[in-house]
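Note sheet for the following structure.
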Amino acid sequence: MTTAPASISTPTGTADEVRVRFCPSPTGTPHVGMVRTALFNWAHARHHGGKLIFRIEDTDAARDSEESYHQLLDAMRWLGIDWDEGVEVGGPDGPYRQSQRGDIYQDVIEKLKASGHIYESFSTAEEIVERHRAAGRDPQLGYDGYDRDLTDEQKAALRAEGREPTWRLRMPEEDITFTDMVRGEITFKHGTTPDFVVVRANGKPLYTLVNPIDDALMRITHVLRGEDILSSTPRQIALYRALIEIGVAQRMPEFGHLPYVMGEGNKKLSKRDPQADLFLYREQGFIPEGMVNYLSLLGWGYSADEDIFSRAQLVERFDASAVNPNPARVDLKKATAINADHIRLLPEAELAERLLPYLQAGGVLGEDVTEQQRALVAAATPLVQTRMNLLGEAPELMGFLFTADEDLEVQDDALKKLGDDPAAVLERAITEVEAISEDAFTAEALEPALRGAIVDDMGVKPRLAFGPLRSAISGRRISPPLFESMELLGKPSSLARLRSLHARLAAEG
RNA sequence: GCCCCCAUCGUCCAGUGGCCUAGGACACCGGCCUUUCACGCCGGCGACACGGGUUCGAAUCCCGUUGGGGGUACCA
């Protein structure tokens with residue numbers, strides 16, 4: 001419809017290179033819905049060998065914060081969502097923070113004014129409603145285009161009243177149709193999208209203006225964003241057309257609107273909802289692999305019968321057109337289960353490393369971790385790997401291995417249902433353990449010795465034979481495997497713990 | 001009010017006219033394994049919102065109804 005004007009920016013890459021962007025506003029803490037959008041854009045770029053541009057839309061000084069900006073970077077890096085151009089890394093179309101692009105917008109605004117695509121509007125909201133009423137129209141209809149063809153004299157008169165005009169875009173006199181990557185063809189009927197404000201009375205541009213300008217200048221080819229702005233797409237398309245006509249944009253990008261991420265029930269996940277806060281997941285011990293996997297499942301499926309996959313597999317198969325258009329609800333249980341699968345997939349040494357900060361946070365390890373402690377964590381890791389859904393469970397699971405014998409507290413729960421004579425069981429266990437030499441103190445040696453003595457010889461059922469030992473060793477009713485735990489603790493410590501509980505039970509009679 | 005989007009098990013995802021007596025996952029319920037708890041394995045429960053079309057044939061296409069959601073700002 002319009003001829004493509006000469007580019008005003010430096011083209012990079014090939015003409016058909018896929019260029020997508022992630023452009024959040026730095027308000028509040030990273031939200032899982034927003035992160036899912038980033039992830040899908042990233043996957044789309046990587047799948048097509050394209051570029052991801054990371055831009056910050058900080059045009060709202062009142063709500064934006066530097067802290068939030070840093071959290072955004074943190075979130076992206078944690079999940080391994082890397083970008084090719086944008087904040088921190090630079091690129092040919094910077095700066096990448098809108099707050100630093102004022103001059104660029106002013107330049108485009110002047111062109112838009114000169115070309116007549118935008119015009120001054122003096123109408124107040126009240127006046128618009130009043131005109132609708134007077135004409136017998138629905139007062140809830142939006143702006144009526146009243147100022148479209150004001151003469152210079154009229155404008156001067158309005159100004160003389162002390163009015164400061166906003167600038168509105170002249171919407172085209174036709175339906176606006178586009179093919180949404182996830183929803184197919186969508187048409188907004190002519191007349192349902194009024195001329196909208198693009199420049200405030202104070203001269204500051206609005207989101208609806210700067211977002212398409214930046215997309216145009218950064219030569220974005222695919223706009224993948226949340227469903228919440230689906231209905232503002234006709235406005236952006238109209239503006240984009242104007243930008244093409246004045247030579248700022250080269251071509252219309254494709255749009256795709258990702259479904260909402262909902263909380264329980266039918267409520268959109270709100271900012272203050274704990275399920276919405278990405279960092280809360282990290283604190284609990286979600287690992288990036290699990291998080292990326294789960295987030296990908298919110299609106300997309302890897303295959304008909306598998307839903308555990310890696311980042312590489314996501315990239316290999318991701319396709320924006322295969323995204324499901326209906327809203328997805330966050331299911332913490334499923335997210336946790338998927339995380340658990342990824343924990344099990346981790347190499348032991350890797351898991352051990354990742355456990356460290358959680359053990360520190362849980363008070364099991366101090367700020368300085370000794371080589372010995374590190375080695376013990378590594379040795380204990382295979383024991384807990386299949387018993388953990390979240391890394392944050394590590395302190396509870398492994399704490400007893402790092403507790404001094406005299407500090408070990410046997411929980412009440414671990415004192416119940418220990419059989420008829422747990423003291424006798426412990427006494428026998430002590431005898432057996434004493435007989436095993438320190439350099440042969442292994443699970444392989446302990447298991448047959450203790451089983452032979454207590455189960456076979458004393459005739460105690462396995463459950464009741466090992467229950468008291470478990471309580472003595474770990475202080476809890478549920479623990480990692482008993483014999484392996486004893487091996488890790490070593491003979492002196494194991495013996496001390498067995499004796500301690502034995503003495504206590506004997507004293508209590 | 002007007003505009004737009006959405007509609008398969010409790011939840012997420014498969015399904016793009018016949019392979020569907022609708023598949024997988026999580027959750028749930030049984031069972032096996034077993035020194036506890038897990039892991040693993042086996043089995044069970046459980047859905048095409050409704051009504052009309054189109055078609056030899058519809059979860060799949062069309063229309064309507066109902067129900068959800070979003071927009072309608074000098075927010076993004």
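Proteins get letters first, then strands, A, B, ... in listed order; numbering begins at 1 in each.
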Next on the checklist: Applying side chain to side chain donor-acceptor pair (under 3.5 Å) as the test, list every pair that has at least one member in residues 340-351 of chain A; sequence neighbours left out.
Outcome noted: A/Asn293-A/His342, A/Asp341-A/Arg344, A/Glu350-A/Arg354
Next on the checklist: Test: side chain to side chain donor-acceptor pair (under 3.5 Å). Region: residues 196-207 of chain A. Which pairs qualify, not counting sequence neighbours?
Outcome noted: none
Next on the checklist: Restricting to side-chain hydrogen bond (donor to acceptor under 3.5 Å, both in side chains), what partner residues turn up for A/Thr177, sequence neighbours left out?
Outcome noted: A/Thr187
Checklist outcome for this item: Readout for nucleotides 29-36 of chain B: B = base within 4.0 Å of protein heavy atom, S = sugar-phosphate only, - = neither; 5' to 3' it is ------BB
Checklist outcome for this item: Separation of B/G23 atom P from A/Asp307 atom CG, nearest Å, is 16 Å
Item to check | Charged tip of A/Arg168 within 45° of A/Tyr119 ring normal and under 6.0 Å | outcome: no
Next on the checklist: Less than 4.0 angstrom from a charged side-chain N to a carboxylate O is my criterion; do A/Arg55 and A/Asp214 meet it?
Outcome noted: yes
Checklist entry - How would you label the contact of A/Lys204 with the nucleic acid (heavy atoms, under 4.0 Å): base, sugar-phosphate, or nothing? => result nothing
Checklist entry - What pairs of residues pass the ring-ring contact (aromatic ring centres under 6.0 Å, His included) test when at least one of them lies in residues 447-475 of chain A, not counting sequence neighbours? => result A/Phe466-A/Phe483
Checklist entry - Does any residue of residues 298-306 of chain A have a heavy atom under 4.0 Å from RNA chain B, and if so, which ones, in number order? => result A/Gly299, A/Trp300, A/Gly301, A/Ala304, A/Asp305
Checklist entry - In terms of side-chain geometry, is the basic nitrogen of A/Arg311 or A/Glu289 positioned less than 4.0 Å from the acidic oxygen of its partner? => result no
Distance-only donor-acceptor hits, side chain of residues 225-232 of chain A, under 3.5 Å, sequence neighbours excluded:
residue: A/Arg225; atom: NH1; partner: A/Thr233; partner atom: OG1; Å: 3.2
residue: A/Arg225; atom: NH1; partner: A/His257; partner atom: NE2; Å: 3.0
residue: A/Arg225; atom: NH2; partner: A/Gln236; partner atom: OE1; Å: 2.3
residue: A/Glu227; atom: OE1; partner: A/Tyr260; partner atom: N; Å: 3.4
residue: A/Ser232; atom: OG; partner: A/Ile229; partner atom: O; Å: 3.2

Checklist entry - If you measure from the Lys or Arg side-chain nitrogens to the Asp or Glu carboxylate oxygens, is any gap between A/Asp195 and A/Arg170 under 4.0 Å? => result no
Checklist entry - When every nucleotide of nucleotides 68-76 of chain B is labelled 5' to 3' by its protein contacts under 4.0 Å (heavy atoms), B for base, S for sugar-phosphate only, - for none, what sequence of letters results? => result SSSS--BBB
Checklist outcome for this item: Counting primed atoms, P, OP1 and OP2 as sugar-phosphate and everything else as base, the B/S/- map of nucleotides 42-47 of chain B against protein heavy atoms under 4.0 Å is ------
Checklist entry - Taking NZ, NE, NH1 and NH2 as the nitrogens, is one of them in A/Asp58 or A/Arg97 under 4.0 Å from a carboxylate oxygen of the other? => result yes
Item to check | Nearest to side-chain heavy atoms of A/Arg344, which nucleotide of B/A25, B/C12, B/C39 | outcome: B/C39
Next on the checklist: With the threshold set at under 4.0 Å for non-hydrogen atoms, list the residues of residues 417-430 of chain A touching RNA chain B in residue-number order.
Outcome noted: none
Item to check | Those residues that, when tested against A/Glu396, pass side-chain hydrogen bond (donor to acceptor under 3.5 Å, both in side chains) (two or more places apart) | outcome: A/Arg476
Next on the checklist: Just to be sure I understand the rule, does A/Asn389 reach a base, reach only the sugar-phosphate, or reach nothing, if contact means heavy atoms closer than 4.0 Å?
Outcome noted: nothing
Next on the checklist: Under 4.0 Å, counting only non-hydrogen atoms across every strand here, what does A/Thr386 touch: a base, just sugar-phosphate, or nothing?
Outcome noted: base
Item to check | N or O in side chain of A/Asn324 less than 4.0 angstrom from B/C6 OP1/OP2 | outcome: no
Checklist outcome for this item: Winner on side-chain proximity to A/Asp331, out of B/G40, B/G10, B/C4, is B/G10
Next on the checklist: For a quick check of understanding: with a heavy-atom distance under 4.0 Å over all strands, which category does A/Ala414 fall into, base, sugar-phosphate or nothing?
Outcome noted: nothing
Item to check | By side-chain hydrogen bond (donor to acceptor under 3.5 Å, both in side chains) - contacts of A/Thr381 (at least two apart) | outcome: none
